[in-house]
J.: 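My structure is below; once you've seen it, I'll send some questions.
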Amino acid sequence: MVEIRLHDSRTRRKVALAPLDPTNVRMYVCGPTVYDRAHLGNARPVVVFDTLYRLLRHVYGADHVTYVRNFTDVDDKINAAAQALKASGDPRSLEELIAARSDETIGWYHADMDALGALRPDLEPRATAYIAPMIAMIETLIARGHAYEAEGHVLFDVRSYPAYGALSGRSVDDMIAGARVEVAPYKRDPMDFVLWKPSGPDLPGWDSPWGRGRPGWHIECSAMSHELLGPSFDIHGGGIDLQFPHHENEIAQSCCAHPEGGFAGIWMHNEMLLVEGKKMSKSLGNFFTVRDLLDQGVPGEVIRFVFLSTHYSKPMDWTAEKAAQAEATLRKWRGALTGVAPSAPDDMVVVSLEDDLNTHNAIRQLHGLYDRLDLVRKVENYGHPLDRAQLVEPGAVIEARFLASAQLLGLLTPDMVDWASVPFADLSGPTARLTALRADAMATKDFSAVDAMKAALVAAGLEVRMSKAGVELVPGAGFDPAKLESLK
RNA sequence: GGCGGGUUGGCGGAGAGGUUACGCACCGGAUUGCAAAUCCGUGAAGACCGGUUCGAUUCCGGUACCCGCCUCCA
C-alpha cells in the first residue's frame, strides 16, 4: 500500500497522510497578494506544492484531488497602488482601479507560474468574492464569544482559545513579553488581531453589521477554505514566514467558528529563499522577479529544477552557478529523450516523493536512470563488453520510464517550453567541407585551414566532433545558423 | 529579548549509528593531428567543544557563525 509521509509543522513530526476522503484529497495553499509581479521567493511554494499536487494526483488519481490556492485581492498595498493611480489623475473609480490592478497581476502570476511548469490549482478563489462568508464567520465568532467589537473594529480574542500559539510553538505570554508592536488601545489583549476594520470613503469597503469596512488579513483563508473544502481537510501549505501570525490566526478563527471540524490535518511550510547567500531585498539590490529571470533567458524549467534540488524544508540559495548546472543537466536529458513517449514513473522516484517530498532524492534517481539508459543504448547501438543478454530491460523501456518520472516532478512535460531545442539548419554542407579539409590536412600535415573552420563553427555555437568515424557537427546552447553564412 | 531553521569534500547536496551517496568541477589514463565528446580511474567531507556508544558526520548537551519569524511578507 502506498503511503505518503509528510512533515507536519504543528506536531513537528513526519506523519502518514490518511485522507479524510481518498476520493477527494483536499489541499489549501496560501496564494499571493496580487499587487505586483511575483518575486522569485513567491515561486518556491508554488513549485513545492505543485509537486505535491502532482504526487497526490498520481497516487489518488487526477480526479480525486482538490487543490485550492487563493488570490488575496483585499489588501492595503493594492489600495495604495490604486490610490496612487487615482491621485495621478486616472478617471476610473477606486474600485475599478483596484479590480484592474488585481486582474492584471493575476494575469502576470498565471503566466509566470505556468512558465515554471506549475499546474493551475483546481480552484483559485478571490477574497473579494467571499466577503459574505467572512462576515458570517465573524458573526459566528462573536456569537461564540471568541471575538468582540471595539471602535468599529472586530477583534479576535486570543485568550478565548487556549491552543493559540500551538502551531508556531509560542505562548501568548512569551509573545507579549517580546512584542515590538504598538498596541491599539481598544484591544483586550495585545495579541488580539483584527477580523474586520472600518474603511473610510477613500478606501474600498463592504457593508457589514459593524458598518462599512473590510476584512482583516487572515479571515479570508479561513472563510474560503471552509466554503470550498469544508470544516476539515487534509493539507494546508504555505511559506514558513506565514506560520505566525497568519496560519496561527487561521487556526484560531476556523477552529473556534467550526469546532465540529478539525481544520487542516497536516500543516506544511516551505523554508525561505536566499539569493547568493543573502536574503532577497530591494536594498541589497538582489531583488528580482520570476519574470526578470525568464526575460534574461533562464528557462522556467531551469528555475524549477533548481528549486527541486533542495528539500522544501531547508533554506534554498539561488545562485547563477546552480542555474547553469541545472540547465546543463536538463539539456542533456532533453537531448536523450527526444521523441520518447512516457510510460509509468519509476518506483524509486515515487517512493522518494512519498517520503516527505524528497525531490532531491527523486532527481538523484533520475540521474541513475539516465546513466542506465546511456549504458543500455551503447550496448544496443555499438556493442559493449557487457553481454546483450545481461540487459534486463531494453532502452525503450527505460527511456519511457525516465520521461514519466521526470514528468511526475513537472520536468520535461509537454506543456513546458522546449527551450533546449535548437534552430534547424542543414549542416551537411559544412560537414562535408570540413571532412574534405581534414582529409587534405591529414595528407599535408597542415591543419591551419581545418583549425580555422573549426573555430568558426564553434563560434557559431556548434560542437565539432572529429574522430576516425568522421566529422560530426552538433548544435549547442548558443547555436546561431546565421553565423554559418560567413562560412559559405 | 522570545521562537524556529541551518552549518557535510572545490561547488551544490542527500540518506543511513558501523558498508562508495549523487551531480558538477578537478586530477590521472584511454582516444584525438590538436581539441571536443565519450570511456576508465584516483583523490577529497561532515563548523567547534563535550557526552552516550564497542563504534557518530548520523543520537544528546553546549559554543560560534548564518538565515528567518515575532511588523507587510512565500
J.: Whole Å only: how far is the NZ atom of A:Lys314 from the C1' atom of B:G12?
T.: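 Result: 12 Å.
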J.: Using only modelled atom types and a 3.5 angstrom limit, is any donor from either the side chain of A:Lys322 or the base of B:C11 paired with an acceptor on the other?
T.: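 Side chain to base: no pair present.
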J.: How do A:Arg465 and A:His367 order along RNA chain B: which one's closest nucleotide is nearer the 5' end?
T.: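 Looking at RNA chain B, the more 5' nearest nucleotide goes with A:His367.
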J.: Starting at the 5' end of RNA chain B, which residue's closest nucleotide do you reach first, A:Lys454 or A:Tyr370?
T.: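 In this pair, the answer is A:Lys454.
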J.: Could you label the plane-to-plane angle of the A:Trp318 and A:Phe307 rings as parallel, tilted or perpendicular, counting under 30° as parallel and over 60° as perpendicular?
T.: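 A:Trp318 and A:Phe307: perpendicular rings.
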J.: Answer yes if the ring centres of A:Phe263 and A:Phe233 are under 6.0 angstrom apart, and no otherwise.
T.: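 Between A:Phe233 and A:Phe263, which both carry aromatic rings, the centre distance is below 6.0 Å.
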J.: Can you tell me if the side-chain N/O atoms of A:Thr329 get under 4.0 Å from OP1 or OP2 in B:G23?
T.: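 For B:G23, OP1/OP2 do not have a side-chain N/O of A:Thr329 under 4.0 Å.
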J.: Give the dot-bracket string for RNA chain B, reading 5' to 3', where a pair is Watson-Crick or G-U wobble with both distances under 3.5 Å, ( ) marks pairs inside the strand, [ ] marks pairs crossing earlier ones, | marks a partner on another strand, and . marks unpaired.
T.: (((((((..(((.....[...)))..((((.......)))).....(((((..]....))))))))))))....
J.: If I take atom NE2 in residue A:His311 and atom P in nucleotide B:G12, what distance separates them, rounded to the nearest angstrom?
T.: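 Spelled out: NE2 on A:His311 to P on B:G12 is 19 Å.
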J.: Please report the distance, rounded to the nearest Å, between CG in A:Asp50 and P in B:A74.
T.: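 After rounding, the reported distance stands at 18 Å.
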J.: Measure the distance from CZ on A:Phe447 to C1' on B:C34 and round it to the nearest whole Å.
T.: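 The distance from CZ of A:Phe447 to C1' of B:C34 comes to 8 Å, rounded to the nearest Å.
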J.: Between B:U7 and B:A45, how many Å separate the two C1' atoms, rounded to a whole number?
T.: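 Those two atoms are separated by 13 Å.
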J.: Would you check if the distance from the ring center of A:His110 to the ring center of A:Phe71 is below 6.0 Å?
T.: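 For A:His110 and A:Phe71, the ring centres are under 6.0 Å apart.
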J.: Could you state the atom-to-atom distance from OH of A:Tyr35 to C1' of B:C72 in whole Å?
T.: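 My rounded result for the distance is 7 Å.
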J.: Between the side-chain atoms of A:Asp451 and the base atoms of B:G33, is any donor-acceptor pair under 3.5 Å?
T.: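 When only heavy-atom distances are counted, A:Asp451 does reach the base of B:G33 through a donor-acceptor pair under 3.5 Å.
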J.: Using the six-membered ring wherever Trp is involved, compare the ring planes of A:His247 and A:His269 and label them parallel, tilted or perpendicular (cut-offs 30° and 60°).
T.: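 It falls in the tilted class, 30° to 60°.
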